[in-house]
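Numbers here are sequence positions counted from 1.
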Amino acid sequence: MKTLVLSLAFTMSTAAMGQAPQLSRDNIDAVLHAMTLEEKASLLVGGEYDFWTTTAMAGNSSRTVPGAAGSTIPLPRYGIPETVLTDGPAGVRINPLRPNDPKTYYATGFPVGSCLAATWNTELTSRVGKAIGNEVKAYNCDVILGPGANIHRNPLCGRNFEYYSEDPLLTGKIAAAYINGVQSEGAGVSLKHYAVNSQETNRLYVDERVSQRAAREIYLRGFEIAVRESQPWTVMSAYNRINGTFAQANDDLLTRILRDDWGFKGIVMTDWCGKRESAGLLTIDEVRAGNDLLEPGSKEQIADIVEGVRSGKLSMEAVDLCVRRLLEYIVRTPHFNGYQATNNPDLQAHALVAREAATEGMVLLKNNGVLPLGFKPGAQPRVALFGTGSYNFLSGGVGSGCVHTPYIVDLVQGLRGAGIEPTPDLAEIYQKYIAYAKLKFEADRPGERWFEAPLMGDQKMPEIEISQLCLERQVAQSDLAVVTISRQAGEGIDRKVEGEFNLTPLERKLIQDVSTVYHAEGKPVVVVINSGSVIETASWRVFPDAILMAWQPGEEGGNSVADLLTGKACPSGRLTMTWPLAATDHPSTRCFPQDMDLFTYESMSSGGQPVPNRDYTEHEEGIWVGYRHFDSRGREVAYPFGYGLSYTTFDFGKPVVKRSGDKIVVSVSVKNTGSMAGKEVAQLYVAAPKGSLEKPAKELKAFAKTRTLQPGETQTLQMTLATRDLASYDEAGSQWLADAGTYTFLVATDVATVKGRATLALPAYAEKTSNALARQQ
């Protein structure tokens, strides 16, 4: 190893004495031809090998931008600069403080993925992406590691907050809008985690065993849409195995599907794992499969590539292909194009975008008429805020996706800004308890639990019991009660059913007791859910008057909650995942790790045999994920996919469907028939004729959202899809296949509420693909 490093340094320094072509968009071939093998190998390995050896944890290692996740190495003799990669996707994640530097480097905390997708608004999502892209450049970075396009296979996945939906169409459209927004600013993205990264438990090694059909239709489809509609600069290959082969060494995944079938033109980088030979993942296999950049990078990986070529185990053609793609990436970057970072983005302007997105993504789940709140002119309303989350509002999840924000608006600040004062004695109880609980949490935190460290995001604090006497005092001095239920989750660990998906006994008692006391005095109770993921509601939703799903809405969250509760804004968020009555109602739950976190699984004994849901996970449910299962099987749910309430009402006209070539356009008029301005989402589902493949009862194929419609105003929406969008994947023929027949186009406000339908007779459609990702026997 030492000999190779010295040889590399000598080769570079000697070569520098000669004339070398300077990289430009037009001379990539000349630069590639001039480079030595050692230079090529070093370019394919991330720039963090000055700090790490064979393995690395995520992030916090870049010298150029402290706290950035990684970089590529510079080769000055060719005019090749370093490029910097920063974590995301809810905003730029860098260290806010630097040694001997009085400036703070805060970034805007935007809503998490599940909240952003719940806007069902691609134009707004693109504006969020544009603001993020601006901050990527302003903070001297080139690429943000996001968006996340993995599917909500199961509500217990710890990283669902970073992802968009259980539905691949919605996932792909929102991801494409985000990517187009970021890249419109001249910065890049890394679409992740490609692919089938469906759990956090043992995420580095678990084998996700999935059928070709489910892979193509569910887990890859969102990535495909994003690639075809936005051409991301980079895609990140996932840690896990798929059908026995690591995603990072999977030629089927990284070349045959991504590049050959979909036409991807950018680079593929690995997720942050370093060298994993002990697990059977060889550096040369990663390069051969189509990884152009190995992150975070180690000197050993450079040696592996050089030795692989010299021994004949890795072809020079494979190396040159990766180097060429990496050079094509570099010439697009802000660093190459001489962008001068300001370190001073317009955080105030971006906060307004974050607030708008958070407000539009929040979903009103229940309202018996108490919202929006109405107070007499001159009144000085008071609210009793219960729950630690009211005062410790969680803006985002934990792990590499957290953002170091300049502030987080909690419910005290948000409601006070709207003219509603919190009761001071209750606020003092909670605020002093939270200060103590945070100190105790950090004192008791095991050091190896890196994802719970303060720099990795804020933690949920345990609830405290509120006495009957305290409740009676609060109801006497307040006009309403708000109970906030918080949930935190993140990288490296999946959620548990008890206490995380389900409410704790203390939380359920708090909601019931508050509701009983306040209703006895004729005063309303509102529950605010501050969680990036689904929770159970069936056992307690009868008690409060209203329930608002606020998600983890970014730094402006408290203001957005206040805007909605007071009627400054009309709710227009819609669920992007099914809310089941129980976690076990999902067919995937039987094959999902439960109560088995990053550490406790190591103590499991299996007699030398692989442990189900830890070493491998069978996707037995196939394509029957989310509403495809619940709607097709007639299973009762708490709230269906696409659900959300409004303060106004809308009427839909009769849909009209027309075909022009391979395009199908569905038009429908939407009229605001209520008394308040608002937006509505039209969701287009398609029911296919009976054919050669079993299909769900209906599937989302397009959607559109109105502008803000005034009372009495009408807008005609047009939703366009391609004929190929109606196809299912036929494994026997390695093709997308849609049978000839009559298709029914259903315009709905959620998967269970159809407002109009139209039919269209269509010929058969077939499209051949590579025969990739076959199950091993």
Side-chain angles (χ1 to χ4, degrees), residues 116-126 164-178 180 217 221-222 224-226 228-230 360 572-576 627-628 631 640-644 646 650-672 678-689 695-709 713-728 738 742-762 765:
L116 192 60
T119 67
W120 293 68
N121 188 331
T122 54
E123 184 276 330
L124 178 55
T125 299
S126 185
Y164 294 136
S165 177
E166 67 188 28
D167 181 77
L169 181 279
L170 184 59
T171 293
K173 294 292 185 179
I174 295 294
Y178 177 105
N180 285 327
E217 287 188 28
R221 184 73 173 122
E224 178 183 3
I225 293 169
R228 290 181 184 272
E229 296 188 5
S230 67
E360 197 156 322
S572 66
R574 304 292 182 259
L575 297 179
T576 67
Y627 74 84
R628 285 168 169 79
D631 183 56
F641 177 85
Y643 176 85
S646 175
F650 298 92
D651 277 352
F652 285 74
K654 181 175 175 55
V656 176
V657 58
K658 293 182 179 179
R659 178 184 173 217
S660 176
D662 66 343
K663 297 294 183 185
I664 300 168
V665 179
V666 178
S667 302
V668 65
S669 63
V670 182
K671 181 179 181 179
N672 184 345
K679 298 181 179 182
E680 178 62 293
V681 178
Q683 303 167 31
L684 179 65
Y685 299 87
V686 176
K695 290 192 158 199
K698 53 182 173 291
E699 296 178 280
L700 184 73
K701 295 301 180 184
F703 61 92
K705 193 167 192 176
T706 68
R707 63 179 180 269
T708 299
L709 298 180
E713 188 177 4
T714 299
Q715 180 181 357
T716 298
L717 299 175
Q718 287 193 333
M719 294 169 279
T720 303
L721 61 153
T723 306
R724 75 182 301 271
D725 295 333
L726 302 176
S728 296
T742 299
Y743 287 76
T744 304
F745 295 79
L746 308 160
V747 175
T749 52
D750 60 58
V751 72
T753 309
V754 174
K755 295 293 186 178
R757 63 188 66 214
T759 58
L760 184 65
L762 293 170
Y765 174 88

If you take all heavy atoms of [X] and [Y], which pair is closest and at what distance?
{"X": "S230", "Y": "A176", "result": "CB-O, 3.8 Å"}
{"X": "A687", "Y": "A697", "result": "CB-O, 3.4 Å"}
{"X": "A682", "Y": "L717", "result": "CB-CD1, 3.8 Å"}
{"X": "P655", "Y": "G756", "result": "CG-C, 3.6 Å"}
{"X": "T716", "Y": "S667", "result": "CG2-CB, 4.4 Å"}

Electrostatic pair [X]:[Y] at N-O distance under 4.0 angstrom:
{"X": "R574", "Y": "E680", "answer": "yes"}
{"X": "D167", "Y": "K701", "answer": "no"}
{"X": "K173", "Y": "E123", "answer": "no"}

Checklist entry - Are V751 and K698 close enough, and set up right, to give a side chain to side chain contact (heavy atoms under 4.5 Å, CB included), and what steps lead you there? => result CA-CA 8 Å; V751 72; K698 53 182 173 291; 3.9 Å; yes

Checklist entry - Do R757 side-chain atoms and T759 backbone N/O form a donor-acceptor pair below 3.5 Å? => result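 Answer holds: no.
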
Item to check | Any donor-acceptor N/O pair, T723 side chain to D662 backbone, under 3.5 Å | outcome: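 Yes, T723 side chain to D662 backbone: donor-acceptor pair under 3.5 Å.
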
If you round to the nearest 0.5 Å, how far is [atom2] of [Y] from [atom1] of [X]?
{"X": "N180", "Y": "T125", "atom1": "CG", "atom2": "OG1", "value": "11.0 Å"}
{"X": "I174", "Y": "S126", "atom1": "CD1", "atom2": "OG", "value": "10.5 Å"}
{"X": "T576", "Y": "L700", "atom1": "OG1", "atom2": "CG", "value": "10.5 Å"}
{"X": "T122", "Y": "L116", "atom1": "OG1", "atom2": "CG", "value": "10.5 Å"}
{"X": "S669", "Y": "D651", "atom1": "OG", "atom2": "CG", "value": "9.0 Å"}
{"X": "L575", "Y": "Y643", "atom1": "CG", "atom2": "OH", "value": "8.5 Å"}

Do [X] and [Y] have side chains that approach each other closer than 4.5 Å (heavy atoms only, starting at C-beta)?
{"X": "I664", "Y": "V657", "answer": "yes"}
{"X": "N121", "Y": "E360", "answer": "yes"}
{"X": "Y743", "Y": "L726", "answer": "yes"}
{"X": "S728", "Y": "E217", "answer": "yes"}
{"X": "E166", "Y": "Y627", "answer": "yes"}
{"X": "F703", "Y": "L684", "answer": "no"}
{"X": "M719", "Y": "V665", "answer": "no"}
{"X": "F650", "Y": "L709", "answer": "yes"}

Checklist entry - Would E699 and R628 satisfy salt bridge (Lys or Arg N to Asp or Glu O under 4.0 Å), going step by step from the backbone distance to the final call? => result CA-CA 7 Å; E699 296 178 280; R628 285 168 169 79; 3.1 Å; yes

Checklist entry - Going through the checks in order, is the side chain to side chain contact (heavy atoms under 4.5 Å, CB included) test met by R221 and L169? => result CA-CA 7 Å; R221 184 73 173 122; L169 181 279; 5.8 Å; no

Next on the checklist: Evaluate K679 against T706 for side chain to side chain donor-acceptor pair (under 3.5 Å), listing each step before the verdict.
Outcome noted: CA-CA 5 Å; K679 298 181 179 182; T706 68; over 6 Å; no

Item to check | T749 and K755 side chains, donor-acceptor separation under 3.5 Å | outcome: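 K755 vs T749: no donor-acceptor pair found between side chains.
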
Checklist entry - Between D750 and Q683, is any side-chain donor less than 3.5 angstrom from a side-chain acceptor? => result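 No, Q683 and D750 have no side-chain donor paired with an acceptor closer than 3.5 Å.
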
Checklist entry - For F745 and L760, what are the C-alpha separation, side-chain angles and deciding distance, and is it a side chain to side chain contact (heavy atoms under 4.5 Å, CB included)? => result CA-CA 8 Å; F745 295 79; L760 184 65; 3.7 Å; yes

Checklist entry - Could you walk me through whether Q715 and R707 pass the side chain to side chain contact (heavy atoms under 4.5 Å, CB included) check? => result CA-CA 8 Å; Q715 180 181 357; R707 63 179 180 269; 3.3 Å; yes

Checklist entry - So F641 and W120, ring pair (Phe, Tyr, Trp, His ring centres under 6.0 Å) or not? Walk me through it. => result CA-CA 12 Å; F641 177 85; W120 293 68; 5.8 Å; yes

